[in-house]
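Letters A, B, ... are given to chains in the order of the sequence lines, protein chains preceding strands, and every chain is numbered from 1.
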Amino acid sequence: VDRLFEALFKYRPLLFQQGDVTFATPWPLALLLLGAGAVAVAAVVSYGGAGGKATPGERTVLATVRLAALGILTFCLLQPTLILSSVVPQRNFVGVLIDDSRSMTLPGEDGRPRSAFLSETFGPEGSPLVDALGERFALRYFRFAGDAGRIPSAEALAYDGTRTDLASALDRAREELSSVPLSGLVVLSDGADNAGRALAEALVPLQAASIPVYTVGLGAEALTPDVQLGRIQLPRTVLQGSALVVDVVVTQRGYRNRSVPVVVEDGGRRLAQDTVRLESEGEPTVARVRFSLEQPGPRRLRFRIPALEDEAVVENNVREVAIDVRARREKILYFEGEPRFEVKFVRRAIADDPNVQVVVLQRTAENKFLRLEVDDAQELGGGFPQTREELFRYRGIILGSVEASFFTHDQLQMLSDFVSQRGGGLLALGGRHAFAEGGYAGTALAEALPVHLEEPETDAARAYVEMDVRPTPAGQSHPAVQLRTDAETPPETWEALPPLSTINRIVRVKPGATTLLRGDTPGGERVVLAHHRYGRGKALAFAVQDSWMWQMHADVPLEDPSHETLWQQLLRWMVEGVPDPVEIVADRERLEPGEPVRLTATVLDSTYVEVNDANVEAVLVSSAGDTLRVPLAWSVDEDGVYTAEARPELPGEWSVAAVATRDGDVMGSAGVHLQVGPSDAEYFDAGRRTSTLQRLASETGGRFYTPADVSRLPEDLAFTGAGITLTEERDLWDMPILFLLLLGLIGAEWGFRRVRGLV
Amino acid sequence: MRPFVSSSVGLVAVSLLGVAVAGSSPRFPAGEGGVRAAAPQEAGGAREIALPPEPHSFFFTRAIYSGWGRGWGGGGGWNRGRGSWATDYPKADRQFLVVLKRLTNLDAYDLENAVRLDDPAVRRYPFLYALEVGRMDLSEAEVHGLRDYLNAGGFLVIDDFWGPQEWANFETQISRVIPGRPIVDLPLDHPLFSTFYDIKEILQVPNVGNGRRGGPTWECWDGCETPVVRGIFDDDGRLMVVINFNTDLGDAWEWAEDPWYPLQYSTFAYQMGVNMIVYAMSH
């Protein structure tokens, strides 16, 4: 379109955009218009008064055509001129920003590395583009990747940057060239920014200083053929032996309908493998991988798809994710208000789980309690905990069939706070004294539950229903409701299980809650298992009273692991991520050497109240033994939150241990692990981001190019109006379009006369 | 030993009907509930045992097993011709349940609940009581039923059998069910004896006659004098069978209201009963 425009209008559209069109005739405009009007009137009169056989309509057409031709001639006589501000040669500067990141080594549209264009254009032999730019401007070169800096020439590029930070590069170039007349910035890049910084931050000062940015997009928008692993979501910490279900998103181009393996490895040991069939081009396909982590400590899991033949980028077939596998024993309090077989079978279900300890407090008679699995004679010696400190020692609570009136108001509030403030997991089991039937409606605990409490059924026999329990779509892949650890529970496994009973009519979940299991009854659907986040913790409602039937019932084969697996998974998930009094997180767990990392510690006391006067220190130890000590300061903005910035230099694994003390007493400690080393982010989503580069150009008044049309860049830069310029006048009367129009009109008149026999 | 012989074809048919009803119907059908055939060897033919009509957390479930003897026949015998499994039935069960509910906050069904060992419905009741096992003679179906019951997590309490001969019979029968598992004495520091009541001593609970008379508490003279509580454990060390040997807890439950029956025995029997149930429901 540009070329056609230029052929017709003599200059490219950009010049018309940058310049102003005026008339250069020395005669007064009014006089000229008057003369033109007189000629026009004469023409009309002569056509109207001439004798001949032409009809009035034909005369009108001929007069119009003639008037149009006269109009064009008049326009030319007015000497139309394009006024441009063109740069003064060699008086202005142009910053040339060249992408020096690893992604420039990836193949471009022609199959060669993207950097090939840069080497040829900016190499020692020179190129027409550089020559043309050099004729008009003083060029200043910058390289950029994760950081940016001046370079004497483009030959200094190594293409080994592990990040691309466009915003920082623009800031740096603008600041460095702020003292010289700057005509614009030229950015040569694939636009694959992965620094996470908003581009708008860098655009505003450029717009304010009227500095246009000209972008040259390198590489193809889509790498083909290629398979790429998407981002992988894993919990930060997990209990040893927990079965994990991880969705791995795979995108591809050029391998449609191929089946590829997704492998999970831990230190070279294969944990799991799943085969995924690749579907539509560019569309994500999800592979679901299941595995359990048996080795405690910080683990770095490697997800990979073996390289396929002819693949454009093989580096994006691998992703590493850090996870902390905890070997400790999570303590869960199961408070049951009456002797029930649930106690026996829940205990049996988790008996083989070394990482879950279910402490049972069972009321067997009025004011008589049975304690099981307690650590010492004092534990729960006074019955249900009376203080927050005592209750908050547990990481999870199972509440059985115990009426609300058993608890004091404070205890009910404590149970609610256990979830919302302590961040613990609460599982409310069904039973004759549970939910609404236990009088919980309107209590603080009812607030914490994920389900609405309906009006209880007064007739016990009518309240009793048996339900075929089935997973909801959300429950099918949810780790908490798996009946098998090695594969997703097939529907027939659920269908083979006997019905469970309830007397608690639970049919609605609260907004934001998720139903994982539903129950089909002749009277409609019930909610069997639902959960939601409540404050810092999570609350679950499991509205059945005899899950043990899945162990005992004659329809369940003796070797069937459904009951054990369900309870183990459910309880492990319930206490997963339950916070300790002292916690520490890093804003990123993978960083480049010397890159800053922000450490944030949360410090609570034993009742989980925020502490602002603690001394918190983080000790960073590298795998080579180097140590960094970083004191964390209270953030002031938020109670109990302490922050600091650290810059580990040495590549490798770093362990961070934070210890909080107050008055010399250790309040707690927490750890996090960092991986310091080059990032592989450059290989992911590495296609050319045309939209980013176009936006960069359009919002600053510049233009986007590809190597194919970049030859126009020098001329376009010359008329930006930025820098030291002089005014240039260019004639427009000789635009080819005017002559074509004139010829066309004269020809049309002649043709019309011939057709109508008026010649 | 008198081998078990099925008395009639009709009886088997009724038995099967009972199994079918139990297997396909809801657990607590409306109204009077389903029916299940009693042990088939009795001269009086099948007895209908009602399924419990109400939902509860606990059913005092008595095992109906095949055996010989003690069935005096007709309506006048102490177990009304049902077989040795029905000794003290149902009065002992009902009286025990009354006291059990008074002592604990257990949601227990008020009445007796007798289930055949080869009935799949037995797996709905993880607590099972069997007595007079000196006359037990399990069919293959019962052996399989009880074995699966125990392996699935069921808890069996044995009571009221005396002397070496009856012990030998029981040992033979139980070894058919769970072969190779040792039967061990339960020491008094076992949690079974402290789950609800702290039991410091194992008393020999006499039958009603001996109890009223006030003489010896044992029922036979050779190897019957010493009461013991023994147990069988599963592979994971969990107690699955409690054996009350040379003692008769059931009679104490049945005759506790009798002013001539000594209180100390009925008290002990109830304490043992409560402990065994609370233990079975929590371990």
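Sparse packing is recorded around CD of A:E455, with 12 or fewer heavy atoms of other residues, nucleotides or ligands lying under 6.0 Å away. The environment of CZ in A:R329 is crowded: more than 12 heavy-atom neighbours from other residues, nucleotides or ligands sit within 6.0 Å.
Only the side chain of A:F345 comes within contact range of chain B, with heavy atoms under 4.5 Å apart. With a threshold of 4.5 angstrom between heavy atoms, A:R347 approaches chain B through side-chain atoms but not through N, CA, C or O. Only the backbone of A:V556 has a heavy atom closer than 4.5 Å to any heavy atom of chain B. In this structure, the portions of B:F127 lying under 4.5 Å from any heavy atom of chain A include both its backbone and its side chain. Neither the backbone nor the side chain of B:I277 has a heavy atom closer than 4.5 Å to any heavy atom of chain A. If you measure heavy-atom distances from A:A351 to chain B, the contacts under 4.5 Å come from the side chain alone.
Residue A:L370 is tested with B:S194, B:P191, B:S282 for a side chain to side chain contact (heavy atoms under 4.5 Å, CB included); the sole match is B:S282.
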- Task: Carefully, step by step, assess A:V343 and B:M281 under the rule side-chain contact (heavy atoms from CB on, under 4.5 Å).
- Result: CA-CA 7 Å; A:V343 175; B:M281 296 182 82; over 6 Å; no

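Nearest approach of B:R123 to A:L558, heavy atoms of both residues: NH2-CD2, 3.9 Å. Counting all heavy atoms, side chain and backbone alike, A:E338 lies closest to B:S57 at OE1-OG, 3.8 Å. Closest of all the heavy-atom pairs between B:N105 and A:T364 is OD1-O, 2.8 Å.
One N or O on the side chain of A:Q551 and one on the backbone of B:A152 form a donor-acceptor pair closer than 3.5 Å.
With contacts defined as side-chain heavy-atom distances shorter than 4.5 Å, the pair A:W548/B:P126 qualifies. Under the 4.5 Å side-chain criterion, counting only non-hydrogen atoms from C-beta, A:K344 is not in contact with B:H283.
Here the CZ atom belonging to A:F341 is positioned 14.0 Å from the CZ atom belonging to B:R124, to the nearest 0.5 angstrom. Taken to the nearest 0.5 Å, the CG atom of B:N151 stands 10.5 Å off from the CE atom of A:M552. Once rounded to the nearest 0.5 Å, the distance linking CG of B:D107 with NE2 of A:H433 reads 7.5 Å. Atoms CZ and CG, on A:R340 and B:L106 in that order, are 11.5 Å from each other to the nearest 0.5 Å.
By number of non-hydrogen pairs under 4.5 angstrom with chain B, the leading residue of A:R432, A:R363, A:E342 is A:R432. Here A:R348 is the residue among A:R348, A:E336, A:Q362 with the most heavy-atom pairs under 4.5 Å with chain B.
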